[in-house]
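Notes follow once the structure below has been shown.
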Amino acid sequence: MPITDRRTLLQAAAALPLTAAATSIAFADDSAGAPAAPAKPAPAKDVTRRLAHYIVTASYDDLPPNVRKEGVRTLLNWVGVAIGGSRHQTVDIAVSALSPFSGPAQASLFGRRERFDIMNAAFINGVSSHIFDYDDTHLKTIIHPAGPVASAILALSEMQPVSGKEFLNALVLGVETECRIGNCVYPNHYDVGWHITGTAGVFGSAAAVGKLLKLNEQQMMWALGLAASQPVGLRESFGSMNKSFNPGRAASNGIFAAMLASKNFTSSDSMIEAKRGWANTVSTKQDYNEILGDLGKRYEAALNTYKPFACGIVMHPAIDAAIQLRNENKLSADQIERVDLKVHPLVLELTGKKTPHQGLEGKFSIYHAVAVALVEGAGGEKQFSDRAVTDPVVVALRSKVNPVITPGIRPEQVDMTIVLKDGRELHRSIEHAVGSVEVPMTDQQLETKFSDLAEGILPAATVRRVMDACWSIESLPSAAEIAKMSVSA
């Protein structure tokens, strides 16, 4: 499924006169000034053990309020995208292929009627949540954190009792684990071709499932070691169904690892940091301080972001500007003479298709993205459908979109001027688009996204109940309630 996203953006940025450090600063904290000197890497000693100790001992009560809240938002966003992707052809194929081999009907498939064993259910729900490339993103590593973790522990919660507080703590710990391990090897690991959502995501799944299985420290080390033995995902898969396979497989592999470890299936105690362990095998960069530094104080899980638009991040500023100007001025397409955009070179390099004919091609077209945003006032999955790219009003307007590469414009910026037929000019400059760390999506915007994705799959009343359950996860006696109410009647 060829969708330009943050991964592709940052990969292409590395080929331009922009350092990896500068790219990270531009996306993460442009106001921070000059980057601080990198922290001295922690010694490669007892990394797996110390991480396992943290996972085993960390409790829900240790989580700061802002981290809990971001964990809840991560859950809500993930459930929405999992439901939204559940009827895609990719999921249909996976269900058909695996049905003859699925074990006991232990867990739900979001947005569907079928029930599978927990490992196959986790895999399919992970695929479903990633198929639109509309899921959450930890921008520092380009990991989509929730897919491997939430898919696994929601399936497990239908097999054994898991309270809402236990679930949220496991979700945060899983996200923290995968993102910290991703930080350790990014960007070198990613640059050589690994799909980091799968390769690091399996650690998050194993950690979260292991937490809910109440593994002891030794067993958690083994679970992390078994996860290290199952890296999944190559970037060559991008543009195919295989891309969404990766977070799905990371989810099921993590369950596999934790279940084996719970029965004392052993592994090396230093599988992450050993000379021939995971980090040294899959990357030329290893910074173990990223894994161990300030555990329980610095939370990568608090930095999660959510896409408001179902396309690559490089187009988000332009969509944001177009929607703002449309709504503020009550614009219609027939009023517009032309739309001038000052953009970073990546915009045309990655999304320069002028005449997309299919919805997936529209995700590569800045012309379509701006036109459809001005016509429909949105940039969700419906705006990147086959219907949208062939809409005659949208087609006519996109020929009036004029992006120009402009020195000084950063990838996360856009400068837009709409010239109207009556001679007026409307201007908007975007420094950070909605959905970024600097301008996060609001709770209401997340609900709107959820409802849009679930429309036609679940009844409106059910959608409301599912969202309410996600928001109140901490008070639920059983996290399985969310999975059970998110299925098709």
Side-chain angles (χ1 to χ4, degrees), residues 5-28 35-52 137-145 148 176-204 206-207 221 224-238 242-243 246-247 249-250 253 267-295 298 300 303 346 411:
D5 55 18
R6 289 170 169 88
R7 292 169 292 278
T8 310
L9 169 61
L10 292 183
Q11 177 198 8
L16 298 172
L18 182 66
T19 67
T23 302
S24 298
I25 293 166
F27 278 97
K40 184 178 180 180
K45 182 179 179 181
D46 292 333
V47 176
T48 306
R49 181 182 298 277
R50 291 167 64 186
L51 178 60
T137 307
H138 176 256
L139 290 172
K140 288 168 63 177
T141 58
I142 323 303
I143 291 170
H144 298 282
E176 197 67 18
T177 297
E178 64 188 323
C179 291
R180 281 174 171 266
I181 290 175
N183 283 346
C184 173
V185 296
Y186 187 84
N188 304 39
H189 169 72
Y190 185 80
D191 288 344
V192 298
W194 291 102
H195 184 193
I196 195 168
T197 293
T199 56
V202 64
F203 290 102
M221 281 192 288
L224 293 172
L226 292 167
S229 295
Q230 302 178 88
V232 58
L234 301 173
R235 285 171 54 200
E236 177 61 24
S237 68
F238 290 10
N242 191 166
K243 184 172 186 292
N246 300 335
R249 196 60 177 165
N253 282 355
S267 178
S268 164
D269 289 349
S270 55
M271 279 288 280
I272 294 174
E273 73 275 15
K275 180 179 179 181
R276 295 178 178 86
W278 184 86
N280 284 300
T281 300
V282 301
S283 179
T284 56
K285 174 220 170 188
Q286 303 84 25
D287 183 354
Y288 298 109
N289 187 62
E290 289 288 356
I291 298 177
L292 300 177
D294 294 324
L295 275 170
R298 165 178 61 85
E300 297 298 313
L303 303 178
L346 285 174

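As a basis for the values below, the full set of heavy atoms in this structure was taken, side chains included, without hydrogen atoms, waters or symmetry mates.
When atom types are taken as modelled, the side chain of Glu178 and the backbone of Val202 share no donor-acceptor pair closer than 3.5 angstrom. Using modelled atom types, one side-chain atom of Arg235 and one backbone atom of Tyr190 make a donor-acceptor pair closer than 3.5 Å. Checked by atom type and distance alone, the side chain of Arg298 pairs as donor or acceptor with a backbone atom of Gly293 at under 3.5 Å. Listed for the Asp269 side chain is no donor-acceptor partner under 3.5 Å among the backbone atoms of Arg49. Without hydrogens or angle criteria, Thr137 side chain to Leu139 main chain gives no donor-acceptor distance under 3.5 Å.
Counting all heavy atoms, side chain and backbone alike, Ser229 lies closest to Pro231 at C-CD, 3.3 Å. Nearest heavy-atom pair, Gly201 versus Ala250, reported as atom, atom and distance to 0.1 Å: C-CB, 4.0 Å. The two residues Thr141 and Cys179 come nearest to each other via the heavy atoms CG2-O, 3.8 Å. Scanning both residues, Cys184 and Glu290, for their nearest heavy atoms gives N-CB, 3.8 Å. Taking all atoms of both residues into account, the shortest heavy-atom contact from Leu303 to Lys140 is CD1-CD, 3.8 Å. When all heavy atoms of Gly182 and Ile143 are compared, the closest pair comes out as CA-CD1, 4.0 Å.
In this structure, CG on Asn183 lies 7.0 Å from NZ on Lys285, to the nearest 0.5 angstrom. If you take CG on Asn188 and CH2 on Trp194, they are separated by 14.5 Å, rounding to the nearest 0.5 Å. The structure places CD1 of Ile181 at 12.0 Å from CD of Glu300, a figure rounded to the nearest 0.5 Å. How far CG of Asp191 is from OG of Ser283: 9.0 Å, rounded to the nearest 0.5 Å. Distance CD1/Ile196 to CD1/Ile142: 8.0 Å, rounded to 0.5 Å. How far CG of Asp46 is from CE of Met221: 8.5 Å, rounded to the nearest 0.5 Å.
The closest side-chain heavy-atom distance from Thr199 to Val185 is not below 4.5 Å.
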TODO: Please lay out, stage by stage, how Phe203 and Ile272 fare under the test side-chain contact (heavy atoms from CB on, under 4.5 Å).
DONE: CA-CA 10 Å; Phe203 290 102; Ile272 294 174; 4.0 Å; yes

Task: Chi angles and distances behind the side-chain contact (heavy atoms from CB on, under 4.5 Å) call for Arg180, Leu295 - done: CA-CA 10 Å; Arg180 281 174 171 266; Leu295 275 170; 3.7 Å; yes

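Side-chain atoms of His195 and Ser237 form no donor-acceptor pair, as typed in the model, at a separation below 3.5 Å. No side-chain N or O of Thr197 forms a donor-acceptor pair with one of Asn246 less than 3.5 Å apart.
Using cut-offs of 30° and 60° on the angle between ring planes, the pair Trp278 and His189 is tilted.
The only option from Glu273, Arg50, Lys45 that meets the side chain to side chain contact (heavy atoms under 4.5 Å, CB included) definition with Leu292 turns out to be Arg50.
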